[in-house]
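Right, one structure below, let's go through it.
Just so it is clear, the structure is predicted and the values come from calculations on it, not from any experiment. Atoms considered below: every heavy atom in the structure, side chains included; atoms not considered: hydrogens, waters and symmetry mates.
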Amino acid sequence: MSFFENLKAQVLYNPEEPILFNSAFFLFFFAAFLCCYQLVRKNERGRVWVFTLFSLYFFYKACGAYVGLVILSAIVDFYLSNRIHAEKEERTRRILLWLSILINIGMLFYFKYTDFFINIINGVSNGHISPLNLLLPIGISFYTFENLSYTIDVYRKEIKPVDNFMDYLFFLSFFPKLMMGPIVRAADFIPQIKQPYNINQEDVGKGMFLILGGLFKKVVISDLIYQNYVQYIFDDPTRYTGIECLFGVYAYALVIYCDFSGYSDMAIGIARWMGFKIPPNFDKPYKSSSITEFWRRWHISLSSWLRDYIYIPLGGNRKGKVRQYVNLMLTMLIGGFWHGASWNFIFWGGVHGGALGLDKLWGQWNKKIAWFKATPARARLWKIGGVLFTFHLVCFCWIFFKAATFGSAWDLIHQVTFNFQGHLFFQLIGAYPQVFLLMAIGYILHFLPDVAEQKLEFRLGKLPVWGSVAVLVLFIWFLAQVKSLEPMIPIYLQF
């Protein structure tokens, strides 16, 4: 292949090699972006144009022609939000809002759920409707929710719509968060567009900590544990003993956390270097001592979105206890369905919804048993018990989230329940020493006190420029030594 043919193959979309933060091509993309961004950093319009064009190219490299969907949805919601803002008649404003909701949900439904409902119709009516086998546009679940929250906030008169289309396209296509979130609110992001580009040493240190930490979680912990252990267990649980399956679930809990939070951290860190502050998306969720606390720490941008745009509009806790439990269940079922067109995800959301309802009930009863937390020692034991219970409840739900079918999930649970063989524990560790070492590192880092992270961030922020470059080079060299040959597709990319 000639140089130009090779160059053409690199810069054009290749469905086999989508651009990812942990791909080699991203280093070249990011270097070119940084050079161009630095040239226009003092010009607000220049920053918007350069960032938007690079973001659209990033999305093209990730999913080809589907980049047109981002532009189309930006046009639709930019126009409708401005019409809603200008319109005085409440009935017309409501019609325009519902038009936006129908277009956004319709687009999401068409690409993500059409085949799911075709299969249901075929099953119920013994029909023979052929599935459409549509490719799911990457990131559609995330930017659809951003579009909806923007238009709803404009309708509620909580924000004023932007009057420049490029500003809205910039917000929607912002490449650090475009494919996998976090789900960013326009009210938090758009005002930052007008601010001058001015980053300080804290931004550099915080950004570097997030990027390096995110790469370590994604490439070292998540990818290696998944490729060397988890995928074998979940591919066919019946081939493994219960203790192997149980640790497969513990391993997957770490894999999905490190995969998604690592990618989110990288997105937030890159944005920080570019002068934009995005709220954290994870807060060490396995430290939670209740399922309610877990949802305050896990995928924070999604859980707060579901709360503000589904749970509260349904009535929240304002219409009595029974209605509150129904609203919680409906919200979590929708949250589960948002993850994918599968009964597994709906079941996953339903169990979480039921657990949240029971947690509310438990909270009322808990006030009557204050004896259990009357002394610091009892309170600590109570807290530890809550963390262990919540972790195992979440792990139980992860089985259905990860398993390809219901049958496969129950096979795994059957092995843990009826074929445990705990005496094989040390043989299991001996068979997978690197996996269990990484699991130990991952969980220790997860449960470290926050102050340890803050000290590391502070020290990174104090490094001179040459020191920062040296740390980056050393870290990239380290990743090159340990990473797998092919970058693993992030789990949440399918959502």
Side-chain angles (χ1 to χ4, degrees), residues 213 217 221-222 225 229-230 242-262 265 280-300 303 328 332 348 351-402 412-413 416-417 420 422-426 428-429 435-456:
K217 284 196 284 188
I221 295 181
S222 178
I225 293 177
Y229 188 61
V230 169
I243 192 167
E244 289 173 297
C245 291
L246 179 65
F247 276 91
V249 178
Y250 292 158
Y252 182 69
L254 191 61
V255 163
I256 191 169
Y257 166 71
C258 288
D259 184 283
F260 193 21
S261 74
D265 288 350
N281 205 24
F282 290 86
D283 183 18
K284 298 190 173 179
Y286 298 140
K287 284 184 174 181
S288 308
S289 59
S290 70
I291 197 68
T292 301
E293 185 184 355
F294 174 79
W295 277 102
R296 290 195 196 109
R297 292 171 174 264
W298 176 270
H299 202 171
I300 297 166
S303 55
L328 277 172
M332 293 311 299
W348 174 83
V351 174
H352 273 282
L356 283 169
L358 289 174
D359 195 47
K360 299 294 180 194
L361 277 174
W362 174 253
Q364 296 174 11
W365 190 55
N366 199 16
K367 294 172 185 172
K368 299 175 183 174
I369 53 173
W371 181 87
F372 288 103
K373 296 187 282 186
T375 66
R378 287 184 209 163
R380 190 167 185 78
L381 281 174
W382 190 260
K383 170 83 174 174
I384 292 171
V387 170
L388 287 173
F389 177 79
T390 304
F391 176 71
H392 283 85
L393 174 63
V394 170
C395 282
F396 173 77
C397 294
W398 284 142
I399 296 172
F400 294 90
F401 192 93
K402 167 58 184 164
L412 192 149
I413 293 168
V416 174
T417 308
F420 190 67
H423 62 282
L424 298 177
F425 175 67
F426 290 106
L428 176 61
I429 293 178
V435 168
F436 279 85
L437 176 62
L438 286 173
M439 283 177 63
I441 292 171
Y443 277 113
I444 288 171
L445 290 176
H446 187 82
F447 284 94
L448 274 180
D450 293 341
V451 68
E453 286 190 4
Q454 290 164 3
K455 284 182 179 177
L456 183 55

Could you state the interatomic distance from [atom1] ([X]) to [atom2] ([Y]), rounded to the nearest 0.5 Å?
| X | Y | atom1 | atom2 | value |
| --- | --- | --- | --- | --- |
| Ile243 | Leu424 | CD1 | CG | 7.0 Å |
| Lys360 | Thr292 | NZ | OG1 | 4.5 Å |
| Leu438 | Ser222 | CG | OG | 10.5 Å |
| Trp398 | Trp348 | CH2 | CH2 | 5.5 Å |
| Phe396 | His352 | CZ | NE2 | 10.5 Å |
| Glu244 | Leu412 | CD | CG | 11.0 Å |

Side chain to side chain contact (heavy atoms under 4.5 Å, CB included) between Tyr252 and Ile225, intermediate numbers included = CA-CA 8 Å; Tyr252 182 69; Ile225 293 177; over 6 Å; no
inquiry  = Would Phe401 and Ile256 count as a side chain to side chain contact (heavy atoms under 4.5 Å, CB included) here? Give the steps.
reply    = CA-CA 10 Å; Phe401 192 93; Ile256 191 169; 3.4 Å; yes
request  = Count the heavy atoms of every other residue, nucleotide or ligand shown that sit under 6.0 Å from CZ of Arg380, and state whether that count exceeds 12.
outcome  = no
task = Begin from the C-alpha positions of Ile384 and Phe389 and carry the test side chain to side chain contact (heavy atoms under 4.5 Å, CB included) through to its verdict.
result = CA-CA 9 Å; Ile384 292 171; Phe389 177 79; over 6 Å; no
Taking side chain as C-beta onward, heavy atoms only, is [X] less than 4.5 Å from [Y]?
| X | Y | answer |
| --- | --- | --- |
| Glu293 | Thr390 | no |
| Val394 | Phe294 | yes |
| Leu246 | Phe420 | yes |
| Ile221 | Met439 | no |

request  = Can you label the angle between the Tyr257 ring and the His446 ring as parallel, tilted or perpendicular, going by 30° and 60°?
outcome  = perpendicular
ask   = How about Phe247 and Tyr229: are their ring centroids closer than 6.0 Å?
value = no
task = Apply side chain to side chain contact (heavy atoms under 4.5 Å, CB included) to Asn281 and His299, showing your working.
result = CA-CA 5 Å; Asn281 205 24; His299 202 171; 3.3 Å; yes
Closest approach of [X] to [Y] (non-hydrogen atoms, all atoms of both residues):
| X | Y | value |
| --- | --- | --- |
| Val351 | Cys397 | CG1-SG, 3.4 Å |
| Ile300 | Pro280 | CD1-O, 3.8 Å |
| Asp450 | Lys287 | OD1-NZ, 3.9 Å |

ask   = If you measure from the Lys or Arg side-chain nitrogens to the Asp or Glu carboxylate oxygens, is any gap between Arg296 and Asp283 under 4.0 Å?
value = no
query = Tyr250 pairs by ring pair (Phe, Tyr, Trp, His ring centres under 6.0 Å) with which of Tyr443, Phe436, Phe391?
reply = Phe391
key: Ser261 and Lys217: side chain donor to acceptor below 3.5 Å   = yes
task = Could you walk me through whether Tyr286 and Phe447 pass ring-ring contact (aromatic ring centres under 6.0 Å, His included), step by step?
result = CA-CA 8 Å; Tyr286 298 140; Phe447 284 94; 7.7 Å; no
